Each structure stands twice: as C-alpha cells, then as structure tokens.
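The structure under discussion appears below in the form of structure tokens.
All values below come from the heavy atoms of this structure, side chains included, with hydrogens, waters and symmetry mates left out. Just so we're clear, the structure is a prediction, and the values are computed from it rather than from any experiment.
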Amino acid sequence: MLLTAGQVSDFKGADILLADLPEGTEEVIGDRGYDSNPIRRSLSDQNITVCIPPKKNRKSKPPYDWHLYKKRHLIENMFANLKDWRPVATRYDRCAHTFMSAIHIAASFTFCLKE
C-alpha cells in the first residue's frame with residue numbers, strides 16, 4: 001500500500017508500486033487513472049499483461065481484456081470494507097504514519113474475519 005496526497009493523480013504513485021511488484025506477476029489490472037504510455041511500456045518490458053482501459057480522450061486506444069477487467073471489483077470491494085472502519089473513512093489521524101497504521105489494523109482484522 002502507498003499513501004499519497006489527496007490531490008495527487010493516480011499515475012504519480014504508480015512508479016513506486018510497480019517497482020515493488022512480486023516476482024512472477026503475470027497481470028496488472030488498473031482503472032483509467034493509470035492509463036499512460038510509460039506505465040504500459042514499463043509493464044510490457046517486464047512481460048506483464050496490462051489490463052487498463054484507455055482514457056476517453058485518448059486518440060489511439062490500446063485494446064484491453066474486458067473480462068479480466070471485471071475482476072477489478074474485488075479490489076473495489078476491499079476499499080469498501082476498509083471504509084467501514086470509521087477512523088479510516090473519515091481520516092481521524094492527521095499524521096500519515098498513524099493513518100497508515102489504522103489502515104493496516106483494519107485490513108488485518110478484515111482479513112482475519114474472512115478466514
């Protein structure tokens with residue numbers, strides 16, 4: 001997980017996340033916010049399948065697997081579960097490290113409930 005400022009665009013923090021991908025990653029699913037040529041090129045260089053729908057204003061629209069993209073709802077559900085925790089949803093903590101700690105606690109607890 002990576003915490004960025006609220007007004008930062010999605011693809012600004014993508015460099016850090018993509019650098020830490022686990023070995024053997026085969027596919028990356030992202031939303032339109034991650035549609036940029038450098039991200040696509042970086043993933044393609046690592047032989048990773050890119051499943052990112054093109055932005056509406058993009059002139060050359062690269063293809064993507066719609067059926068694979070439908071799996072993205074699992075990630076959206078995870079964020080919805082985290083937002084069930086009031087301190088995470090309202091961001092009570094102003095310090096980034098304290099807020100990130102609350103996210104880790106909520107994620108761990110949610111994971112344990114699913115087991």
Side-chain angles (χ1 to χ4, degrees):
M1 285 190 269
L2 175 68
L3 185 64
T4 60
Q7 70 275 15
V8 173
S9 124
D10 288 342
F11 72 91
K12 298 270 183 182
D15 301 345
I16 298 166
L17 290 174
L18 295 178
D20 290 338
L21 285 176
E23 195 68 34
T25 301
E26 297 177 4
E27 307 166 329
V28 170
I29 303 171
D31 64 0
R32 284 188 169 93
Y34 294 99
D35 180 32
S36 73
N37 289 333
I39 290 175
R40 289 179 181 277
R41 199 171 316 119
S42 169
L43 292 170
S44 296
D45 291 346
Q46 299 175 40
N47 294 326
I48 297 175
T49 303
V50 180
C51 184
I52 301 173
K55 291 182 181 176
K56 302 266 186 196
N57 63 352
R58 191 175 177 111
K59 291 183 180 164
S60 65
K61 299 191 186 276
Y64 70 101
D65 184 357
W66 173 248
H67 297 291
L68 178 60
Y69 184 72
K70 286 173 129 180
K71 292 183 180 180
R72 195 173 141 264
H73 83 278
L74 298 171
I75 301 300
E76 296 297 332
N77 291 350
M78 183 218 41
F79 282 112
N81 286 337
L82 285 177
K83 288 180 180 179
D84 284 344
W85 289 70
R86 190 170 177 212
V88 173
T90 58
R91 187 156 184 183
Y92 278 163
D93 304 307
R94 295 291 173 214
C95 296
H97 67 278
T98 310
F99 179 63
M100 202 59 170
S101 298
I103 291 174
H104 285 195
I105 291 169
S108 300
F109 193 83
T110 302
F111 178 77
C112 289
L113 285 178
K114 299 288 183 198
E115 291 286 312

Under 3.5 Å, which donor-acceptor pairs link side chains of residues 96-107 to any protein atom two or more places apart or in another chain?
residue : atom : partner : partner atom : Å
S101    : OG   : H97     : O            : 2.8

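Counting only residues at least two apart or on different chains, no salt bridge (Lys or Arg N to Asp or Glu O under 4.0 Å) pair has a member in residues 13-23. The stretch residues 49-61 participates, sequence neighbours left out, in these side-chain hydrogen bond (donor to acceptor under 3.5 Å, both in side chains) pairs: D35-R58, N37-R58. Note on residues 68-82: pairs passing salt bridge (Lys or Arg N to Asp or Glu O under 4.0 Å), not counting sequence neighbours, are D31-R72, R72-E76.
Pairing each heavy atom of R32 with each of P54, the nearest pair is NE-O, 2.9 Å.
We find the CD-CZ distance between Q46 and R41 to be 13.0 Å, quoted to the nearest 0.5 Å. Atom CG of L21 is separated from atom CG of L43 by 6.5 Å, given to the nearest 0.5 angstrom.
Residues meeting the side-chain contact (heavy atoms from CB on, under 4.5 Å) test with S36, sequence neighbours left out: P38, I39.
In the hydrophobic clustering, where aliphatic and aromatic side chains (Ile, Leu, Val, Met, Phe, Trp, Tyr) are joined below 4.5 Å either directly or transitively, Y69 groups with I29, Y64, W66, L68.
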